[in-house]
Amino acid sequence: VKVEHDKKAKKRKHEYEEDEDDEVLLSVLVWEEERYTDGSKWRFLEHKGPVFAPPYEPMPNKVRFYYDGKIMKLSAAAEEVATFFAKMLDHEYSTKDVFRKNFFKDWRKEMTSEEKAIITDLNKCNFSEMNDYFKAQSEARKQMSKEEKKKIKEENERLLQEYGFCIMDNHKERIGNFRTEPPGLFRGRGDHPKMGMLKRRIRPEDIIINCSKDSKQPKPPPGSKWKEVRHDNKVTWLASWTENIQGSIKYIMLNPSSRIKGEKDWQKYETARCLKKCVDRIRTQYRDDWKSKEMRIRQRAVALYFIDKLALRAGNEKEEGETADTVGCCSLRVEHIKLHPKINDQEFVVELDFLGKDSIRYYNKMPVEKRVFKNLQLFLENKQPEDDLFDRLNTSILNKHLQELMDGLTAKVFRTYNASITLQQQLKELTCPDDSIPAKILSYNRANRAVAILCNHQRAPPKTFEKSMQNLQTKIDEKEKQLSTARKQLKAAKADHKASHDEKSKKTVEVKRKAVQRIEEQLMKLQVQATDREENKQIALGTSKLNYLDPRISVAWCKKYGIPIEKIYNKTQREKFAWAIDMAEKDYEF
DNA sequence: AGACAGACTTGCTTTCACTATA
DNA sequence: TATAGTGAAAGCAAGTCTGTCT
């Protein structure tokens, strides 16, 4: 694959050489010429460092804070943190006990000793004037004149041009996130024990800069210093800092359109295609292992079966009390699984119910093979609800085993493989060559949806869902009325023509016929749209499209059926998948 | 083997900005 | 010309997995 692609890339490179504007495209086409074998990620790296959050602007004097009904002027530090809470007054978070408790504790740390002595109860704090002020501000922002908006836009564009790009090796690349995260209150997902804690402001002194020795080093803002400047070309990040909630490191990295991200993405799908070649063998083996006399092997084999069949995540252990209580395959507990030897005419039914990544609920009830069922019964023996289902297994053991089965194989490769193979197979099954383009796109979305369901990619139904559905229905009703009017007119025109047989009436018939046809098409399009949207109410297609589906499958499908690629991928997605758009022909097979 | 740090991918929600419409 | 509705983009939290240290 590589050799063939290299040839093609060279050819295209030549074609594009004169076109200097097309730098981005060019850089995509020549990736393959710059791969390193020693684990280094680049030779040259130059950038301007991150953009920092703007400093705190104190509240105008007229905006007051009240404690226990009395006006109280806060110190700048305490006031800033108070505004973080004030901004969230309308959010459900601000009513949660844990959130309030964490916030109050961290807020008090920012107070002067006088403030600390007075402010002892969050319930006696009144932030409403601050809240009103921010609402007014956001209203004012919306009301800004065209010129003011334009000015802001230009300033943003200037910042993007200056800080949003870097030079990596021979190419100018877009940076993904070139700003540090602003201070605020931490919003964990699900039942997070740290929600409401203060996320502190990031200063230049917190930042580690990574760039090449021979590059022009970024300058810290006047009067400040970087924490460190290093030159590590074994990593891809440009800058990093340690965040104070979990103590984890945050990075500034390149945009998905960059060579370094694109190559990695491509590699990911190649690994998944590798799995395709040996998945039969692996399946045979884990089925065999269900009979092993060793408990650890049986557990490993059943877990792998779940990962393969149900597309579960690996499930690393997490530190208790530090994050929301969520699990994946290896960390499933007894309380997450129910076994039904017989239910509704089905035998050996397993019911899984747990909170996965981002505290999204996974619920599934499915029949499994008898051997799996019997094994699960065995694993559950003499255990408490909070005990691990797979007590002899963890992700490290599992991945070590997978590594032995195939080079580069880890648990998540199964998700990539099953997602991509499902898309390919569903597209084959659902696409009718004679369908209109909108109908074909509906088929595509349905194939995409099948994958999203497999991977349990959900979303909260949009707040405007019901209304937007109604709007669409209104449009459909109107279109139907239009159609019936147009049909009547066509009928009348036909009758007229039958009576007179003249040229003019013949033309009218043609015109009316065309009109009916056009309206029919428009109606169909609207109906397809309504179906699509309804089926998508709680399902998020984005994640699978961006992270799990080999883009070459979609590109090939578009080429095969003459669908413009813009209908499937928007501008950003086309940039991210430029490598695939360039590479895949209509006969590409995952 | 297990703990932990680090790097990178994945995932949902919120905000932004554009476009169609009144 | 303002507004509403929408898709795109931004934001950042939360996973996976590797490597190192003990």
Side-chain angles (χ1 to χ4, degrees), chain A residues 39 41 88 91 93 138 141-143 145-146 149 152-153 156 160 176-182 184 186-190 192 194-195 199 208 210 232 234-237 240 242-243 245-251 253-256 260-261 264-265 267-268 307 313-319 322-324 326-331 355-360 394-400 402-403 408-416 419 452 455-460 462-465 467-472 475 529 533 538-548 569-573 575-576:
Chain A
K41 308 288 170 70
M88 296 182 72
H91 205 289
Y93 272 116
S138 105
R141 225 173 304 129
K142 277 185 214 150
Q143 297 300 325
S145 70
K146 259 204 179 121
K149 280 185 184 165
I152 290 176
K153 205 177 158 190
N156 282 338
L160 172 68
N177 56 326
F178 59 88
R179 292 166 199 273
T180 61
E181 292 173 15
F186 176 77
R187 305 150 80 132
R189 301 200 242 253
H192 198 116
K194 298 194 171 184
M195 62 167 76
K199 231 171 74 159
I208 301 174
N210 193 31
D232 181 358
K234 298 284 195 286
V235 297
T236 68
W237 52 268
S240 72
T242 301
E243 152 273 347
I245 304 289
Q246 322 270 3
S248 67
I249 308 167
K250 300 259 185 173
Y251 301 94
M253 287 186 188
L254 296 193
N255 188 276
I260 211 147
K261 294 287 184 191
K264 200 78 189 294
D265 206 34
Q267 200 183 80
K268 173 180 79 185
I307 284 169
R313 295 186 187 83
N316 286 308
E317 301 105 298
K318 314 178 23 174
E319 218 177 324
E322 294 293 300
T323 60
T326 62
V327 297
C329 185
C330 294
S331 49
L355 296 183
K357 181 174 177 181
D358 293 308
S359 293
I360 297 292
N394 60 38
T395 54
S396 157
I397 297 171
L398 179 65
N399 279 335
K400 264 191 200 112
L402 293 176
Q403 190 57 242
L409 188 60
T410 61
K412 85 188 184 86
V413 179
F414 282 88
R415 253 167 101 80
T416 312
C455 296
N456 200 38
H457 291 143
Q458 299 185 22
R459 63 167 182 177
K463 284 189 185 74
T464 56
F465 186 83
K467 201 161 80 192
S468 98
M469 250 357 240
Q470 262 172 23
N471 286 349
L472 199 52
K475 272 190 191 169
Q529 209 186 338
R533 198 176 294 180
Q538 307 207 55
I539 297 167
L541 301 186
T543 301
S544 50
K545 200 176 193 178
L546 238 45
N547 301 300
Y548 288 104
Y569 291 136
N570 65 31
K571 184 171 145 278
T572 321
Q573 294 165 340
E575 280 167 10
K576 166 165 176 167

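Not measured: the values here are computed from a predicted model. Every chain is numbered from 1, with letters handed out A, B, ... down the list of sequences.
Panel note: side chain N399(A), backbone T410(A); no donor-acceptor pair is recorded below 3.5 Å.
Side-chain contact, Y548(A) with R415(A): a donor N or O sits under 3.5 Å from an acceptor N or O. Checking S240(A) against K250(A) by side-chain atom types alone, no donor-acceptor pair falls below 3.5 Å. Using modelled atom types, one finds no donor on one side chain facing an acceptor on the other under 3.5 Å when comparing D265(A) with Q267(A). If you check the side chains of S331(A) and E317(A), you find no donor sitting under 3.5 Å from an acceptor.
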What protein N or O atoms touch nucleotides 11-17 of chain C N or O atoms at under 3.5 angstrom, if any, and at what distances?
{"residue": "dA13(C)", "atom": "OP1", "partner": "K199(A)", "partner atom": "NZ", "Å": "3.1"}
{"residue": "dA13(C)", "atom": "OP2", "partner": "K250(A)", "partner atom": "NZ", "Å": "2.7"}
{"residue": "dA13(C)", "atom": "O4'", "partner": "R189(A)", "partner atom": "NH2", "Å": "3.4"}
{"residue": "dA13(C)", "atom": "N3", "partner": "R189(A)", "partner atom": "NH2", "Å": "3.3"}
{"residue": "dA14(C)", "atom": "OP1", "partner": "R189(A)", "partner atom": "N", "Å": "2.7"}
{"residue": "dA14(C)", "atom": "OP1", "partner": "H192(A)", "partner atom": "ND1", "Å": "3.2"}
{"residue": "dG15(C)", "atom": "OP1", "partner": "T326(A)", "partner atom": "OG1", "Å": "3.0"}
{"residue": "dG15(C)", "atom": "OP1", "partner": "D358(A)", "partner atom": "N", "Å": "3.0"}
{"residue": "dG15(C)", "atom": "OP2", "partner": "K318(A)", "partner atom": "NZ", "Å": "2.7"}
{"residue": "dT16(C)", "atom": "OP1", "partner": "A314(A)", "partner atom": "N", "Å": "3.3"}
{"residue": "dT16(C)", "atom": "OP1", "partner": "G315(A)", "partner atom": "N", "Å": "2.7"}
{"residue": "dT16(C)", "atom": "OP2", "partner": "N316(A)", "partner atom": "N", "Å": "3.0"}
{"residue": "dT16(C)", "atom": "OP2", "partner": "N316(A)", "partner atom": "ND2", "Å": "3.0"}
{"residue": "dC17(C)", "atom": "OP1", "partner": "T410(A)", "partner atom": "OG1", "Å": "2.9"}
{"residue": "dC17(C)", "atom": "OP1", "partner": "A411(A)", "partner atom": "N", "Å": "3.3"}
{"residue": "dC17(C)", "atom": "OP1", "partner": "K412(A)", "partner atom": "N", "Å": "2.7"}
{"residue": "dC17(C)", "atom": "OP2", "partner": "N399(A)", "partner atom": "ND2", "Å": "3.1"}

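Y251(A) and W237(A) have tilted rings, their planes meeting at an angle from 30° to 60° on a 0 to 90° scale.
Comparing K268(A) and K400(A) against DNA chain B, the residue whose closest nucleotide sits nearer the 5' end is K400(A). Nearest-nucleotide assignment on DNA chain B puts the 5′-proximal partner with E319(A), out of E319(A) and R141(A).
In the 5' to 3' direction, nucleotides of DNA chain B lying under 4.0 Å from heavy atoms of chain A begin and end at dG6(B) to dC18(B).
Evaluation of the ring pair (Phe, Tyr, Trp, His ring centres under 6.0 Å) rule for F414(A) yields no partner, not counting sequence neighbours.
Expressed to the nearest 0.5 Å, how far CG of N456(A) lies from CZ of R313(A) amounts to 7.5 Å.
No contact: S396(A) has no heavy atom under 4.0 Å from any strand. Within 4.0 Å (heavy atoms only), L546(A) reaches no atom of the nucleic acid at all.
One can place NZ of K41(A) at 13 Å from P of dT18(C), the figure rounded to the nearest angstrom. Rounded to an integer number of Å, the gap from CG of N570(A) to P of dT6(C) is 17 Å. Per the geometry, CG belonging to N394(A) stands 13 Å off P belonging to dT18(C), to the nearest Å.
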